[in-house]
Amino acid sequence: MASREYNHSEIEKKWQDIWEKEGAFRATPDKSKPKYYTLIEFPYPSGEGLHVGHPRSNTALDIIARKRRMEGYNVLYPIGYDAFGLPTENYAIKNKIHPRIVTETNIARFRNQLKSLGFSFDWSREVNTTDPEYYKWTQWIFLKLYEHGLAYKAEIPINWCTSCKIGLANEEVVGGVCERCGGEVVRKIKSQWMLKITEYAQRLLDDLDKVDYLEKIKAQQVNWIGRSEGAEVDFAVVGTEKKIRVFTTRPDTLFGATYMVLSPEHHLIDEERGRIANWEEVSEYRAVAARKSDFERTELTKEKTGVPLKGLSALNPATGKEIPVWISDYVLMSYGTGAIMAVPGHDSRDWEFAKKYGLPIVEVVKGGDVEKEAFVDIQSGVLVNSGLLNGLTVPVAIQTMIDWLEKQGLGTRKVNYKLRDWVFSRQRYWGEPIPMVHCDKCGWVPVPEAELPVVLPDVENYIPNEEGESPLANITEWVNTTCPGCGGPAKRETDTMPNWAGSSWYFLRYCDPDNDKELASMNELRYWMPVDWYNGGMEHTTLHLLYSRFWHKFLYDIGYVPTLEPYMKRTSHGMILAENGEKMSKSRGNVINPDAIVEEVGADSFRVYEMFIGAFDQTIPWSQQGLKGCRRFLERVWRLQDLLVKGEGFSPEFEVSMHKTTKKVTLDYERMKFNTAVAAMMELTNRFHDAGKITRGEFRRLLHLLNPIAPHITEELWEIVGFGKPIYRQSWPAWDEEKTVEDTVEIAVQINGKVRAVVSVSRDASQEEAREAAMAEEAVEKYLEGKRIVKEVYIPQRIYSIAVK
RNA sequence: GCGAGGGUGUCGGAACUGGCAGACGAGCUGGACUUAGGAUCCAGUGCCGCAAGGCGUAGGGGUUCAAAUCCCCUCCCUCGCACCA
């Protein structure tokens with residue numbers, strides 16, 4: 001009997017319709033069941049449509065979600081759109097279409113593409129960050145942050161494109177120039193809303209212990225937070241009452257501080273302008289430094305530069321000696337105090353600078369040759385030339401010095417973080433309006449909660465104005481409002497929020513997406529949170545994770561979420577490259593379109609290939625041939641229906657294989673080793689074809705195991721063969737550990753480390769039995785002839801090893 | 001420079017807790033079927049060798065009956081951070 005053709009389009013459409021009609025994958029309101037919350041990063045609905053990276057993550061957690069449902073969990077696997085952002089705005093500017101329309105179109109396209117791939121999302125909970133009903137709560141969170149003193153305005157430098165006359169995000173500055181026009185980018189001071197994430201630095205660090213993130217993800221978080229311990233030390237400025245405060249992790253080297261360096265932006269420079277003899281030189285240097293972008297100041301600057309502040313000097317509090325003060329852009333205003341004590345003998349940056357400008361180098365830790373290079377080893381060194389510290393090791397000297405400084409009132413113990421406060425303003429149109437009003441009398445006043453959302457008004461033109469203000473600044477009827485405080489005339493904030501805002505809490509909204517009273521009800525959050533398993537790209541494991549953890553902790557502190565951390569487990573998938581190993585991009589013209597693949601080989605083949613392509617966390621090039629191999633596999637599965645024989649159980653020859661494969665696939669899914677799970681099922685399928693038959697029980701099991709990856713074809717075959725209610729309503733199969741090993745196993749016989757024979761023995765054969773079997777082999781006998789056995793090792797089910805002389 | 005992870009056939013990759021290296025897929029070679037083959041099926045496919053056998057997991061050394069796996073040294077690659085005092 002020849003079965004009908006495997007018609008993927010027909011089958012996939014059919015099952016997608018059934019799932020939709022049945023609401024098969026809706027999270028149920030029934031809270032008596034244990035819950036499981038699987039989350040993928042919601043996509044940015046770009047104009048290019050889905051790219052092959054999305055399905056890699058989506059399929060992986062779809063497998064987990066489908067499996068969990070079969071394991072009896074009430075599963076929440078939601079989807080939404082992170083739809084505010086620049087590409088849409090730029091597209092809108094270029095094509096003169098309202099970003100809202102562009103967004104709607106893009107979302108519709110994404111939705112169709114995602115649906116065509118058969119993901120088991122709960123489509124009834126879709127969220128969209130650009131929906132006023134959603135961003136109302138994003139604004140609400142901002143108000144709460146403001147209310148708790150965690151949002152403030154500050155004058156901080158932004159990347160400013162001199163030709164477009166707009167502020168750019170860091171990622172828009174490429175190689176020091178504007179990504180779009182190639183124009184020069186400089187730093188410009190602008191007043192910006194900031195969020196005090198630094199206040200949470202320690203907790204963000206400490207609570208990493210409470211979560212199960214991949215090690216490298218944790219490492220990135222730790223790295224980014226960048227905690228370092230040390231001391232702040234005051235240096236008196238000679239002839240003034242002023243002090244220069246520095247942060248150092250090496251207070252033990254204070255005796256070796258032979259000069260100081262201020263950042264070019266340091267306030268003391270202007271304050272003591274009158275004393276600076278070479279003001280012209282200094283101000284020229286500052287101007288050059290200001291013109292440099294952060295990129296140039298760090299990445300490109302190989303050789304250090306600087307100028308002395310002639311007429312200013314400081315006192316080293318340890319030696320009492322007068323030391324010169326310089327300015328240089330290797331000292332960053334944004335870290336520590338914006339000033340350093342330079343210890344050229346024991347810091348390679350200071351050493352380089354001192355060598356270039358002929359500043360004195362003093363050895364205070366013995367062990368190297370400070371004339372040749374800075375000696376920075378803190379393990380082996382012993383303090384010298386350092387008064388009370390002489391003879392101490394570095395760690396001891398650090399503590400001794402801090403104690404001394406504290407006693408003398410010259411300094412204090414201090415912890416610093418690399419983490420900076422979060423610049424929260426964007427001078428853009430397509431983002432959440434920041435719900436603040438500025439009144440000349442009252443200052444900044446929050447928009448009352450009852451007036452939320454502050455809806456983004458329609459504008460004619462999305463281009464920022466000459467001063468780099470958001471396009472919203474041009475809509476006077478929107479900008480001009482009344483002060484919620486005094487009722488007088490006031491102006492709305494025209495900056496909008498960054499992309500990171502809406503994505504910092506979306507997982508909460510999924511728990512209760514239609515709530516118009518709260519961002520989500522505590523009742524729902526108590527049940528669903530935390531997210532049990534969150535997968536996404538490696539590119540989001542630093543900022544997005546940190547920002548959303550920060551917001552979550554804040555919401556926890558003020559009593560709106562029930563958990564300290566948002567995500568229990570975080571994994572990341574590798575990128576998929578084009579066939580030639582390049583990154584896929586529109587400009588390179590090498591983007592692989594999932595639509596064409598779904599059309600040609602079907603969603604199931606696509607999904608199988610996405611999982612089979614390689615190790616899940618590895619970056620990997622796409623292969624059209626590899627995809628075809630997966631289609632062939634599904635065709636072989638399809639044709640198994642022609643080999644079907646009676647028997648609801650497993651045949652003796654396949655029993656062990658069935659249990660083994662059940663175990664392997666089950667565990668591999670959990671470990672995200674999808675490629676080997678697929679391989680195991682391919683192998684099994686090949687063996688059924690070799691055998692020319694498969695029992696109904698065996699076929700049933702194979703379809704069941706394959707279902708999470710290839711849900712359409714397996715449901716179809718399940719129905720054709722008549723296995724009863726659909727797979728998605730079945731329970732996940734179990735295996736019998738006892739039956740995962742054959743009664744008779746083949747073990748290798750090694751002589752001096754080389755395999756000389758393979759013998760069959762019972763799986764629990766004693767050493768004697770195994771030995772007997774081994775010795776009976778002709779080949780073994782040959783290698784033992786005339787030799788003396790010195791050692792024999794028997795590892796049941798594995799090996800019989802003989803060492804001879 | 002710092003942090004993390006890697007280096008295995010022609011390619012993507014397998015290999016439990018140290019136990020027969022190369023599963024599975026692709027490609028390639030040969031064959032079958034065919035008007036045809038970019039379809040399907042069968043066989044083969046790490047390297048050297050007619051064979052027996054030998055050699056093989058970046059390179060070198062070590063531990064062990066046994067090493068891709070553990071230890072030491074060297075080289076290379078990828079990712080993240082990068083003048084963070």
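Each chain gets a letter, A, B and so on, in the order its sequence line appears, and its residues count up from 1.
- No side-chain N or O of A:Glu610 forms a donor-acceptor pair with one of A:Thr59 less than 3.5 Å apart.
- At the phosphate of B:G27, OP1 or OP2 sits under 4.0 Å from a side-chain N or O atom of A:Gln625.
- Taking the P atoms as reference points, B:C83 lies 45 Å from B:U63, given to the whole Å.
- Taking a pair to require two hydrogen-bonding distances under 3.5 Å in either a Watson-Crick or a G-U wobble arrangement, B:G37 remains unpaired.
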Look for any protein N or O under 3.5 Å of an N or O in nucleotides 19-24 of chain B and output each such pair with its distance, or none.
{"residue": "B:G19", "atom": "N2", "partner": "A:Gln750", "partner atom": "OE1", "Å": "3.4"}
{"residue": "B:A23", "atom": "O2'", "partner": "A:Glu683", "partner atom": "OE1", "Å": "3.3"}

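- When the P atom of B:A39 is taken as reference, atom CD of A:Glu600 falls 12 Å away, rounded to whole Å.
- Salt bridge annotation for A:Lys356-A:Glu352: absent, with no cationic side-chain nitrogen under 4.0 angstrom from a carboxylate oxygen.
- Using a 4.0 Å heavy-atom cutoff across all strands shown, A:Lys673 reaches sugar-phosphate atoms only and no base atom.
- Judged by the 6.0 Å and 45° rule, A:Arg570 forms no cation-pi pair with A:Tyr213.
- Residues A:Phe353 and A:Tyr330 place their aromatic rings such that the two centres sit under 6.0 Å apart.
- Figure legend. B:A82 is base-paired to no nucleotide; pairs are counted as Watson-Crick or G-U wobble with both atom distances under 3.5 Å.
- Closest to the A:Lys418 side chain, of the nucleotides B:A85, B:C81, B:G12, is B:C81.
- Set against B:G53, B:G13, B:A85, the side chain of A:Tyr783 has B:G53 as its closest nucleotide.
- Between A:Ser328 and the phosphate of B:C83, there is no side-chain N or O to OP1/OP2 separation shorter than 4.0 Å.
- A 3.5 Å limit on both hydrogen-bonding distances identifies B:A43 as the Watson-Crick or G-U partner of B:U29.
- Going from the P atom of B:C24 to that of B:G38 covers 26 Å, rounded to whole Å.
- Here, B:C70 and B:C76 have their C1' atoms 22 Å apart, quoted to the whole Å.
- A:Asn223 has its CG atom 16 Å from the P atom of B:C79, to the nearest Å.
- Taking atom CG on A:Leu627 and atom P on B:G27, their separation rounds to 12 Å, with Å as the unit.
- When rounded to the nearest whole Å, the span between CH2 of A:Trp224 and P of B:A4 equals 18 Å.
- The pair A:Arg763-A:Glu769 does not meet the salt-bridge criterion, since no charged nitrogen lies less than 4.0 angstrom from a carboxylate oxygen.
- In this structure, A:Arg632 reaches the B:U40 phosphate: one of its side-chain N or O atoms is under 4.0 Å from OP1 or OP2.
- Spacing between B:C2 and B:U69 at atom C1', rounded to whole Å, works out to 28 Å.
- Taking the O4'-C1'-N9-C4 or O4'-C1'-N1-C2 dihedral as appropriate, B:G53 has a value more than 90° from 0 and is therefore anti.
- Remark: A:Asp421 does not engage A:Lys196 in a salt bridge, criterion side-chain N to carboxylate O under 4.0 Å.
- Comparing the C1' positions of B:A21 and B:G13 gives an interatomic distance of 13 Å, to the nearest angstrom.
- Within 4.0 Å of A:Ser228, counting heavy atoms only, lie sugar-phosphate atoms of the nucleic acid but no base atom.
- If you take atom C1' in B:G31 and the same atom in B:A52, they sit 30 Å apart, rounded to whole Å.
- Counting distance only, with no hydrogens placed and no angle test, the side-chain atoms of A:Lys304 and the base atoms of B:C83 include a donor-acceptor pair under 3.5 Å.
- Between the CD1 atom of A:Ile225 and the C1' atom of B:C81 there is a distance of 13 Å, rounded to whole Å.
- Searching all strands for a Watson-Crick or G-U wobble partner of B:A68 with both distances below 3.5 Å returns nothing.
- For B:U17 and B:G30, the P atoms lie 42 Å apart once the distance is rounded to whole Å.
- One can place CG of A:Leu643 at 13 Å from C1' of B:C41, the figure rounded to the nearest angstrom.
- Close to B:C65, at under 4.0 Å from its OP1 or OP2, lies a side-chain N or O of A:Lys791.
- Base-pair partner of B:G5: B:C77 (Watson-Crick or G-U wobble, both distances under 3.5 Å).
- Protein atom CD of A:Gln618 is 9 Å distant from nucleotide atom C1' of B:U78, rounded to whole Å.
- Residue-level contact check: A:Arg227 touches neither bases nor backbone, having no heavy atom under 4.0 Å from any strand.
- More than 12 heavy atoms of other residues, nucleotides or ligands sit less than 6.0 Å from atom CZ of A:Arg636.
- Of the C1' atoms belonging to B:U40 and B:C50, the separation is 36 Å, rounded to the nearest Å.
- With rounding to the nearest 0.5 angstrom, the OG atom of A:Ser760 is 10.5 Å from the CD atom of A:Glu742.
- Taking only side-chain atoms of A:Tyr335, from C-beta outward, the nucleotide of B:A85, B:C65, B:G3 with the closest atom is B:A85.
- A 3.5 Å limit on both hydrogen-bonding distances identifies no Watson-Crick or G-U partner for B:G13.
- Checked for salt-bridge contact, A:Glu232 and A:Arg413 miss the test: no charged N lies under 4.0 Å from a carboxylate O.
- The phosphate of B:C55 has OP1 or OP2 within less than 4.0 Å of a side-chain N or O from A:Lys754.
- No side-chain N or O of A:Asp617 forms a donor-acceptor pair with one of A:His573 less than 3.5 Å apart.
- Residue A:Lys216 is the one, among A:Gly336 and A:Lys216, whose nearest nucleotide of RNA chain B lies closer to the 5' end (criterion: closest heavy atom).
- Nearest-nucleotide assignment on RNA chain B puts the 5′-proximal partner with A:Ile802, out of A:Ile802 and A:Gln220.
- Distance A:Arg56 CZ to B:G12 P: 14 Å, rounded to the nearest Å.
- Between A:Arg631 and the phosphate of B:A39, there is no side-chain N or O to OP1/OP2 separation shorter than 4.0 Å.
- Looking only at atom types and distance, the side chain of A:Tyr800 has a donor-acceptor partner in the side chain of A:Glu792 under 3.5 Å away.
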